[in-house]
Amino acid sequence: MNRRTKSRAICACLGLVCGFTGFSIRLLHLQVTRHDYYSAQARSKQCEREILVARRGLIFDRTGQVLASNQPTKNLVVDGTLLTNSERLADLLVKHLGLDRTKVFQRITQTEQGKRNAPKPYIVVQKNVEVSVAEAIQAELRPAELSSAEIKKQEIRGVSFEDSARRSLPNDSFLSHVLGYVNSQNKGVDGIESGMEADLHGTDGYREIERTRKGTEMVRYRGQEVAARNGNNVSLTIDMGLQMIVEQELDATIKKYHPAGATVIMMEPKTGRILALANRPDYNPNKQKGVPEEFRLNLAVQAQYEPGSTFKIVTIAGVLNEGIVSLDDPVQCENGYWQWCDLRDHHAYATLSVNDVLVHSSNIGVAKLASNLGDDRFYEYIHRFGFGDQTGIALPGEIKGKVFPPYEWSKISITRIPMGHEVTATPIQIATAICVIANGGMLMTPQVIQSVADENGNIVKSYPPSPVRRVISTKTADHVRDALIEVASKKGTAKDAQVPGFVVAGKTGTAQKLVGGRYSNEKSVCSFVGFMPAEDPAFVLLVLIDEPKAPREKSVGGLVAGPVFSRIGERAAAYLGLKPTEPLASDAIIAKRGKTGGNVRTP
Amino acid sequence: MSANRRRHANSVPVAKFFAIAVAGSLVCVLGLGYVWCTNDMNTTGVKIKKVEKELVQLRQRNEAALAGIDSVNSTAYLNRQFHRGLFGKLELLERLKIAGRVSVVAVPSGTGAMPGELRRVVNERKPQ
């Protein structure tokens with residue numbers, strides 16, 4: 001080999017060595033130094049975390065009837081970049097979903113903002129499509145009966161269905177304010193759906209998966225998987241049989257009186273469990289569109305009223321419990337007009353016993369008894385009965401009502417507050433207060449939730465009865481009960497609240513409403529709160545009608561709310577299988593036949 | 001060169017070739033086996049995916065059916081059906097209607113209910 005050839009050979013070798021060294025360094029740099037970066041990039045393109053959606057928990061009534069469940073649905077999604085046969089797709093959607101063709105076509109052919117010829121890769125065409133409808137659409141996307149060439153021509157690509165679910169309340173507007181509803185993200189907004197969101201929602205799971213270039217999952221490369229934990233099921237204390245009775249009677253009352261609002265609450269006095277709760281106006285949680293905001297208000301816990309004469313129970317219970325008077329002691333009632341504080345009674349009474357002050361609902365009588373009790377002790381009893389504080393019921397948005405402390409009272413407040421003015425209370429507070437009389441003196445926390453169980457039925461949380469405090473002695477409660485029995489008798493203000501076969505104890509209330517700073521003669525809140533059977537109450541029932549359209553003389557608690565109590569009480573007693581404690585009086589049957597014109601079921 | 005030396009010169013190393021052939025065949029078989037196993041895993045993965053999809057569809061149909069059952073079991077639905085007179089054999093309840101008020105929703109005939117007897121119906125739904 002001569003020198004020139006030798007040097008050329010050496011140069012060539014050096015060139016090769018340098019080249020391969022360069023490649024090797026580059027390879028080392030990519031594979032070792034930048035390993036983490038490129039493997040993360042590869043993972044981001046092919047690997048992803050698939051979310052396993054948890055099912056929302058169900059809501060039951062106390063008998064196991066489903067009040068809220070989940071209806072599986074599909075969201076129809078179109079990938080504009082892959083879409084073929086858009087005209088045919090539009091026809092298909094019009095046929096199965098009843099959509100407007102022009103709007104659908106515009107939707108499925110929409111482009112990215114600012115880019116004329118760039119179809120959108122992700123278009124949600126319709127949410128919450130029924131599963132059967134989605135399957136029918138899916139079957140027609142690729143018509144199988146044609147030849148393969150025709151199939152290719154007619155096949156619609158770029159359409160997929162995402163799993164979704166819609167909350168379903170099978171009882172429509174029944175119990176709407178208690179159950180609440182969920183928003184489009186399946187999150188509770190009101191009622192139990194909101195209050196028990198943490199239990200109902202569940203926890204989504206996930207699965208690490210890897211896809212091929214075409215998007216198909218490679219199952220053998222499946223990574224970590226955490227199963228979804230479905231939401232817990234909530235059982236309420238509500239009984240749908242009683243709820244239906246309450247809803248029907250409330251509807252009949254609305255039809256008759258066209259009030260601004262109405263509330264009925266039925267609860268067990270010994271446990272505080274709510275058996276039925278209904279408000280008007282109400283709404284259907286399955287159809288949210290166009291519902292006025294005020295219809296969603298749960299009047300039972302979010303509206304406050306001056307309770308009127310039902311509040312007299314507080315004064316009577318207070319003076320009896322303190323031993324200041326007994327039921328038979330006389331009270332001067334100033335012949336119907338007490339001059340110094342300009343206070344009138346509906347009828348002129350010279351003297352009444354403490355018992356009769358409650359039976360005849362004497363404003364002057366109760367004002368004098370409250371004066372005997374004194375401002376501070378009276379205020380204490382108001383609070384002990386639960387007024388001015390939240391009851392603790394598991395429904396969102398509960399308000400406290402208004403009870404002003406004695407230092408803010410005027411000279412005549414001690415005569416006004418005992419008759420239920422200058423103080424406001426929610427319906428649930430009034431019902432809970434009467435439970436104190438019905439159960440022998442204990443203030444109970446009203447409960448709407450019975451228990452929480454997981455999807456296998458194992459109880460996770462239970463809610464036993466929760467006594468708050470002893471308000472009055474059992475003996476005092478018995479005395480007040482005896483007086484309340486007479487209220488519902490022939491000589492009392494609530495004759496129409498009687499229930500054949502049972503002894504009813506209760507109190508009427510008629511509170512004029514404040515309009516423009518003055519008490520109105522036209523607008524009032526009529527109520528009746530009572531319990532039956534009086535000796536061993538199965539339930540407490542509050543009926544409150546706000547601004548009933550009735551003649552002024554008939555717009556009183558005994559005539560408006562009392563009959564509603566009677567009808568609900570009779571039907572509820574039959575539903576619960578209560579054995580009548582009293583023989584049916586013949587005049588009661590005649591009275592019922594006169595009202596209804598139909599047959600009477602003998603117990 | 002002697003005949004013996006000529007015979008043994010340029011001899012073919014059969015044993016060596018045989019060993020190489022066996023080793024090569026083994027590598028081929030292993031390679032093919034690997035490809036077959038990988039393909040089988042992929043096919044099984046596709047089947048698993050298909051079965052999972054069917055399971056999800058069945059669960060969804062089951063849930064949809066349960067939601068339908070809940071709907072027809074609901075108090076509001078039964079009450080509407082009753083007032084439309086659509087319970088057929090339940091004329092019994094019509095006679096017991098007390099001025100439009102009925103406490104009990106449904107008593108199917110032939111279950112031993114006596115004429116004039118009202119019975120409470122309790123809906124039961126076992127946890128899923």
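First the proteins, then the strands, lettered A, B, ... as listed; each starts at 1.
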Subject >> Positive for salt bridge (Lys or Arg N to Asp or Glu O under 4.0 Å) with B:Glu63, one of A:Arg166, A:Arg55, A:Arg56 >> reply: A:Arg55
Subject >> Among A:Asn171, A:Asn70, A:Leu67, residue most engaged with chain B (heavy-atom pairs, under 4.5 Å) >> reply: A:Asn171
Subject >> Partner chain B: residue of A:Glu130, A:Met218, A:Lys74 with the largest heavy-atom pair count (under 4.5 Å) >> reply: A:Lys74
Subject >> Distance, nearest 0.5 Å, that separates CG of A:Asp61 from OG1 of B:Thr75 >> reply: 7.0 Å
Subject >> Interatomic spacing from OG1 in B:Thr44 to CZ in A:Arg220 - rounded to 0.5 Å >> reply: 10.5 Å
Subject >> Side chain to side chain, B:Asn79 and A:Gln248, heavy atoms closer than 4.5 Å >> reply: yes
Subject >> A:Tyr283 atom OH: more than 12 heavy-atom contacts under 6.0 Å >> reply: yes
Subject >> More than 12 heavy atoms from other groups under 6.0 Å of NZ on A:Lys256 >> reply: no
Original post:
Checking side chain to side chain contact (heavy atoms under 4.5 Å, CB included) against A:Val66, which of B:Asn73, B:Asp70, B:Ile69 comes through?
Top reply: B:Asp70
Original post:
Relative to chain A, which segment of B:Val56 carries a heavy atom at a distance below 4.5 Å: side chain, backbone, both, or neither?
Top reply: side chain
**OP:** Determine the minimum heavy-atom distance between B:Ser71 and A:Pro170, stating which atoms define it.
**Re:** CA-CB, 3.6 Å
Subject >> B:Ala67 versus A:Gln71, closest heavy-atom pair with distance >> reply: CB-OE1, 3.1 Å
Original post:
Can you say whether A:Gln243 sits under 4.5 Å from chain B via the side chain, the backbone, both, or neither, judging by heavy atoms?
Top reply: neither
Subject >> Pair B:Ser74-A:Gln65, side-chain donor/acceptor within less than 3.5 Å >> reply: no
Subject >> Most contacts with chain A, counted as non-hydrogen pairs under 4.5 angstrom, among B:Arg61, B:Arg59, B:Glu52, B:Gln60 >> reply: B:Gln60
